[in-house]
Chemist: 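Can you read through this structure? Questions will come right after.
As the structure lists them, so they are numbered: ligands from 1, and atoms in each ligand from 1.
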Amino acid sequence: MGDLDTRNITDIKTKTKRLKLYKVSLENDDYTPREFVMRVLMKIFRMSEKEAYHKMMAAHQQGSCVISIYIKDIAESKARDATDMGKECGHPLVFNIEPED
Ligand code: TYC
């Protein structure tokens, strides 16, 4: 009985899998107003005005900037909602996702 129980417990433990994480990045463009980018970051990613300013400026100066890291479903819906918010107002703002290494 002892041997069998120990093996079963080990099997259960090794089946625990870590969830894969995804980065959401903000892409720079030449048209979207800076204030609008900040509004999207504050609304969809719950940033303070100061954090939103720094992330927006990082994308503006470097071409893109990682905003945050989430499980797949959340990363996809945040990137889609944020990109849609730009589209609805006629801005070409884009958020992309990619697997974290
Ligand atoms: N480059 C834009 C401008 O000068 C502002 C901007 C910043 C747009 C960051 C997108 O991800 C972005 N109006």
Side-chain angles (χ1 to χ4, degrees):
M1 169 188 161
D3 281 354
L4 187 61
D5 281 352
T6 306
R7 197 179 59 232
N8 285 344
I9 288 165
T10 307
D11 284 350
I12 290 164
K13 279 190 178 162
T14 53
K15 276 178 194 157
T16 308
K17 248 188 153 183
R18 212 180 290 163
L19 276 172
K20 209 164 156 38
L21 296 175
Y22 288 75
K23 294 187 273 194
V24 175
S25 341
L26 166 65
E27 308 297 328
N28 185 36
D29 66 69
D30 292 336
Y31 306 102
T32 308
R34 294 180 184 194
E35 296 72 24
F36 185 86
V37 179
M38 288 174 61
R39 223 182 309 144
V40 174
L41 294 175
M42 290 188 278
K43 177 153 191 221
I44 308 287
F45 298 94
R46 307 244 168 250
M47 287 186 184
S48 67
E49 193 173 345
K50 196 172 166 188
E51 282 176 304
Y53 175 77
H54 287 296
K55 291 291 185 183
M56 180 278 295
M57 285 308 289
H60 178 72
Q61 287 164 350
Q62 294 154 29
S64 70
C65 171
V66 174
I67 297 304
S68 201
I69 294 169
Y70 303 98
I71 60 168
K72 195 171 191 208
D73 283 3
I74 307 288
E76 282 174 346
S77 75
K78 294 242 182 219
R80 190 178 48 241
D81 290 352
T83 301
D84 285 351
M85 199 172 150
K87 259 190 214 148
E88 279 159 21
C89 295
H91 300 307
L93 187 63
V94 170
F95 288 79
N96 283 323
I97 75 165
E98 60 175 318
E100 197 204 28
D101 315 308

Chemist: Got Asp29 and Leu93 here, is their nearest side-chain heavy-atom distance under 4.5 Å?
Modeler: yes

Chemist: Heavy-atom pairs closer than 4.0 Å: do any link ligand 1 to the side chain of Glu27, the backbone, both, or neither?
Modeler: backbone

Chemist: If the cut-off is 4.0 Å to any non-hydrogen atom of Leu26, which atoms of ligand 1 fall inside it?
Modeler: 11 (O)

Chemist: Could you tell me if the side chain of Val66 sits less than 4.5 Å from the side chain of Val24, heavy atoms only?
Modeler: no

Chemist: What protein heavy atom sits nearest atom 2 (C) of ligand 1, and how far off is it?
Modeler: Asp29 O, 3.2 Å

Chemist: Distance to 0.1 Å, residue and atom name: give those for the protein heavy atom nearest to atom 8 (C) of ligand 1.
Modeler: Asn28 OD1, 3.4 Å

Chemist: Taking the six-membered ring for Trp, are His91 and Phe36 closer than 6.0 Å centroid to centroid?
Modeler: yes

Chemist: Within the 4.0 Å heavy-atom shell around Met56, which atoms of ligand 1 are there?
Modeler: 7 (C), 9 (C)

Chemist: Other residues, nucleotides and ligands only: do more than 12 of their heavy atoms fall within 6.0 Å of NZ on Lys20?
Modeler: yes

Chemist: So, Ser25 side chain and Cys65 main chain: donor-acceptor pair closer than 3.5 Å or not?
Modeler: no

Chemist: When you measure from atom 5 (C) of ligand 1 to every protein heavy atom, which one gives the shortest distance, and what is it?
Modeler: Thr32 O, 3.3 Å

Chemist: Starting from atom 4 (O) of ligand 1, what is the nearest protein heavy atom, named by residue and atom, and what distance separates them?
Modeler: His60 CE1, 3.2 Å

Chemist: Rounded to the nearest 0.5 Å, how far apart are CD of Glu49 and CD of Glu35?
Modeler: 10.0 Å

Chemist: Can you list the atoms of ligand 1 that are under 4.0 Å from a heavy atom of Ala59?
Modeler: 9 (C), 11 (O)

